[in-house]
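One-based numbering, in listed order, for ligands and for the atoms of each.
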Amino acid sequence: MSPFSLLDLLCANDSKNSKKNTINSEVLLEKLKEMQKDCIYLDNNATTKVDPEVVEAMLPYLSEYYGNPSSMHSFGGQVGKAVKQARENVAAILGAETSEIVFNSGGTEGDNAAIRAATQAQPSKRHIITTQVEHPAVLNVCKQLQKQGYKVTYLSVNSQGELDLAELEAALTHETALVSVMYANNETGVIFPIEEIGKRAKEYGALFHVDGVQAVGKIPVNMKNSTVDMLSISGHKIHAPKGIGALYVRRGVRFRPLVIGGGQERGRRAGTENVPGIIALGKACELELLHLESASKKQKSLRDRLESTIIEKVGQCEINGGATERLPNTTNIGFKYIEGEAILLLLNQHGICASSGSACSSGSLEPSHILRAMGVPYTTLHGSIRFSLSRYNTDADIDEVLTVLPAIIGRLRELSPFKNDDAAWLKDQEQALAQH
Ligand code: PLP
């Protein structure tokens, strides 16, 4: 039995269908509406629902107020004022100054821009430190820099997804241009000790970039008196639309733009501003800050109830990273002897959206590099799934998961030829990985 069979089938069918059918957009929208009606959305680390207040705030800038904020006339100038207000809201959620906010297209661009800026600003330093559990938006830039002659250290994590600060200290030298780490992990929610890391980077004169995409809006983030030089954020993780984000760049940090052209964003990111997106991000940050305390308390309580009931009712499962500090909205649960994709497909039949480390779109069905770096045993590695909550989730959502999930796991375990047989499971997984 291949661990990839179910999702392989799904992906193959999808691509076959998309070639055969040319679905018009209205039909597609109707289908989506139907699917969404009773959907329980627990995949908020992938993307979030745009808050209706955010939609309301941005709509006038898609229709009536289309002026260019850089124009000299008042039609554009009024739009410029709205952009200024949005910048204040983004600065407020980060405890930053408005001049330190650079709008861009999202987390990937922010990560790319920060790493490139750090290397270009210090061309004689040819060493970068990052971790094995970063998002590809960081890892793939580092890999490319390696090809260009940079030395990159990928710090390891332990079984809870935690870094060893002694390993960081041993890796740092005066040749280190940049330390780039994530604030919180997208798959497990594990939070890194950012200031402890930054303090050590500063001792060696290295710049410090933090991928804050999963942390902002979920836990308090404050750049005042912080060691962080640059921090990336993404709109679509905090109830704003896709394609908008920002990079915090501490005042005084030498910065070289990734996107070159006009002088927008004080010469740090060229291109006419995505005004509706910026207004949306500003509104989203205002709302996130407003709801932060109550929302994280509520999500933590829902998440904890989900975890404890699953452990009690299902058994033979592990919370990956569960023994360390985590985001309040995230849980990553490894179920022994079964495949995560099978669980996801069956949850999907009940209208429940969750996720696993491997993704159809990436073309790779290898287990998550994050869980592998944590050394999650093969018996649970393939059966690990993530639930990530938002402020829209309710007690009823969790009740529904708790009603259907134990039966799904029970059914899959019944079908599993490996139940309670770690050795056979291990052998099968190794063979499948070798073939892949
Ligand atoms: N960094 C992390 C930790 C993420 O989770 C993501 C998205 O999943 C990104 C970066 C990329 O952000 P975006 O989708 O805005 O490009």
Could you check whether any side-chain heavy atom of V228 comes within less than 4.5 Å of a side-chain heavy atom of E195, counting everything from C-beta outward? yes

Does any part of the side chain of L165, heavy atoms only, come nearer than 4.5 Å to the side chain of R200, both counted from C-beta? yes

Side chain T380, main chain P377, donor-acceptor under 3.5 Å: yes

Within the heavy-atom cut-off of under 4.0 Å, ligand 1 is lined by G106, G107, T108, D111, H135, M182, N186, D211, V213, Q214, S234, H236, K237

I93 side chain near V221 side chain, heavy-atom distance below 4.5 Å: no

Short side-chain to backbone donor-acceptor contact, S296 and E293, under 3.5 Å: yes

Does the pair R386/E187 count as a salt bridge with the N-to-O cut at 4.0 Å? no

